[in-house]
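Scroll down for the structure; my scribbles are underneath it.
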Amino acid sequence: MVHYLDHAASTPARSGAIEVLTRQLTHGYGNPTGAHRLARAANRVLDESREIMAEALGATPGEVVFTAGGTEADNLAILGSLEARGGVAVCSAIEHHAVLDPVLYRGGVAVAVGPDGRIDLERLSRVLTPEVNVVSVMLANNETGVIQPLAEVAELVRRQAPHAVLHTDAVQAFAWLDVAEICRDVDMISVSAHKFGGPQGVGALVVRTGRSIEPRLRGGGQERDRRSGTQNVAGIAAMASAAAETLAVRDAEVVRVSALRDRLVRELGDRLPGVVESGVVDGVRAPKTANIAHLCFEGVESEALLFLLEKEDIMASAAASCSSGAMEPSHVLAAMGFSRELAAGSLRLSLGHTTIDDDIDAVLAAIPAAVRRLRERV
Ligand code: PLP
């Protein structure tokens with residue numbers, strides 16, 4: 001049995017979403033821009049899916065732009081805003097690369113975070129000027145799960161950068177937080193289906209009425225000219241089904257999954273010395289999504305740890321990427337002030353809708369043994 005603890009990377013599709021996807025691919029293959037019966041049926045599915053996504057995100061249907069995933073939604077928000085109105089882009093230093101890279105590519109500013117992984121509001125305040133056009137601060141971080149103080153960010157933006165639009169990458173948040181409620185004062189919101197039980201390669205960007213963006217993809221004028229290209233109708237319908245199911249069980253899942261996550265973190269700390277949980281400062285944990293246990297193991301390389309865990313059928317991930325043969329520590333941990341050595345031993349165990357006690361037991365059995373083995377090698 002595989003113990004899948006990488007839900008923040010991609011969570012398994014929900015059964016309802018698989019059914020909708022299969023049905024749509026089998027029977028609903030019409031192009032939604034066409035005029036005949038099958039085309040009109042596809043267009044109806046698109047409309048219904050748009051309504052479901054709009055409600056889930058606290059938006060109107062006309063404000064929902066379907067995209068090919070979170071990366072495209074983030075790029076459209078940042079680059080589309082800059083192209084529409086010029087000016088400067090600002091984001092936090094711990095954004096996913098889908099936000100950070102377009103911001104830096106266009107000469108924007110990345111604002112530091114504190115050791116708890118939350119954006120430094122004082123530093124943000126210093127860079128917010130009337131020249132700022134777009135501010136992007138994620139709702140929940142993909143490595144640490146730390147939730148950002150969006151209400152405070154919104155207040156600062158409105159006061160000091162009155163021409164700016166506020167974007168949030170809610171890709172990791174949607175399965176765990178009430179995005180519609182939290183983002184009421186946010187102008188643009190990105191989500192991605194494969195983080196909440198829909199297929200990979202489908203997502204959405206909310207663009208509030210009156211907030212203009214220039215398209216990144218030009219062509220047939222779909223999505224009200226904001227994103228050309230025939231929509232992935234089956235994927236979008238499956239995303240809407242997954243979103244509806246996620247919302248129906250979200251409150252209960254947050255309670256269930258956070259209890260599993262907390263047991264995992266607590267018992268690992270009891271069984272092993274030298275385990276540091278990110279986002280915890282002076283014993284106080286910053287607010288986090290329910291599903292992420294992000295830990296650094298002193299004296300261990302995460303690559304080697306992942307290798308040993310996979311042998312025990314445990315799938316997890318490290319918050320580091322391998323570039324030109326050398327493991328690069330995560331920019332998120334670096335921004336939070338983690339030393340290179342400690343960051344090199346980071347492990348993200350992310351839980352989700354299929355996680356059960358057995359998975360936690362397997363991890364609690366495997367990690368202490370693997371970490372001791374690796375520490376003995378040094
Ligand atoms: N933003 C965040 C916070 C993410 O975690 C991810 C994916 O890991 C993305 C954006 C990119 O989404 P996608 O994989 O759908 O392009």
Side-chain angles (χ1 to χ4, degrees), residues 4-13 17 53 57 64-80 89 91-105 110 113 117-119 134 136-148 150 167-177 179 182-183 186 188-206 216-217 227 229 231-232 235-236 238-240 242-243 246 278-279 288-292 294 315-321 330-333 335 346 348-352:
Y4 187 73
L5 288 146
D6 205 12
H7 291 260
S10 273
T11 198
M53 290 309 296
L57 294 167
V64 175
V65 181
F66 289 125
T67 65
T71 301
E72 190 195 327
D74 286 344
N75 271 260
L76 180 57
I78 306 297
L79 299 173
C91 69
S92 83
I94 52 147
E95 294 300 311
H96 188 278
H97 282 291
V99 166
L100 191 59
D101 289 14
V103 167
L104 297 181
Y105 172 68
V113 298
R118 282 159 64 93
I119 188 166
V134 55
S136 185
V137 176
M138 67 200 323
L139 184 44
N141 183 261
N142 46 298
E143 292 181 22
T144 62
V146 171
I147 299 167
Q148 299 300 313
L150 260 198
H167 167 250
T168 195
D169 174 337
V171 166
Q172 290 292 337
F174 183 79
W176 309 105
L177 301 176
V179 172
I182 299 170
C183 295
V186 172
M188 294 189 286
I189 309 165
S190 302
V191 290
S192 176
H194 69 114
K195 311 294 187 178
F196 57 87
Q200 295 164 339
V202 193
L205 176 69
V206 167
R216 305 292 300 155
L217 298 177
R227 196 274 187 190
Q231 291 93 341
N232 175 359
I236 288 167
M239 168 165 72
T246 298
S278 68
K288 286 188 173 195
T289 50
N291 65 320
I292 291 188
H294 184 246
M315 309 297 151
S317 76
S321 63
S330 113
H331 68 284
V332 175
L333 291 179
S346 71
R348 181 185 69 183
L349 298 155
S350 52
L351 289 62

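We're numbering straight along the sequence, starting at 1. Every number for a ligand or one of its atoms is a count from 1 in the order of the listing. Owing to the predicted nature of the structure, the values given are computational and were not obtained by experimental measurement.
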The single option from Ser350, Ser346, Ser330, Ser317 passing side-chain hydrogen bond (donor to acceptor under 3.5 Å, both in side chains) against Glu143: Ser330
For atom 13 (P) of ligand 1, the option (of Ser190, Ala170, Gly70) bearing the nearest heavy atom: Gly70
Tell me, do Glu72 and Arg216 make a side-chain contact under 4.5 Å, heavy atoms counted? no
What atoms of ligand 1 come closer than 4.0 angstrom to any heavy atom of Gly69? 15 (O)
Closest non-hydrogen protein atom to atom 1 (N) of ligand 1, residue and atom name please, with distance? Asp169 OD2, 2.6 Å
Between Asn142 and ligand 1, does any nitrogen or oxygen pair lie at a separation below 3.5 Å? no
Distance under 4.0 Å to a non-hydrogen atom of Asp74: what atoms of ligand 1 satisfy this? 1 (N), 10 (C)
Rounded to the nearest 0.5 Å, how far apart are CD1 of Ile189 and CG of Asp169? 11.0 Å
Can you pull out the closest protein heavy atom to atom 5 (O) of ligand 1? Residue, atom name and distance to 0.1 Å, please. Gln172 NE2, 2.8 Å
Residue, atom and distance of the protein heavy atom nearest atom 4 (C) of ligand 1 read His96 CD2, 3.2 Å
Should the proximity of Met138 to ligand 1, defined as any heavy atom under 4.0 Å, be assigned to the side chain, the backbone, both, or neither? side chain
Checking the N or O distance criterion of under 3.5 Å, is ligand 1 in contact with Lys195? yes
Side-chain contact, heavy-atom cut-off 4.5 Å: Leu76 with Met188? no
Contact between ligand 1 and His194 is defined here as a heavy atom of the residue under 4.0 Å from a ligand atom; is it met? yes
CD1 (Ile292) and CG (Leu5) are apart, to the nearest 0.5 Å, by 11.5 Å
For atom 11 (C) of ligand 1, the protein heavy atom that lies nearest, with its residue and separation: Thr71 OG1, 3.4 Å
Atom 15 (O) of ligand 1: which protein heavy atom is closest, and how many Å away? Ser192 OG, 2.6 Å
Decide yes or no for Val171 and Asn142: does some side-chain heavy atom of the first lie under 4.5 Å from some side-chain heavy atom of the second? no
Do Gln172 and Thr289 pair up side chain to side chain, a donor and an acceptor below 3.5 Å, judged on atom types alone? no
Could you tell me if the side chain of Thr11 sits less than 4.5 Å from the side chain of Tyr4, heavy atoms only? no
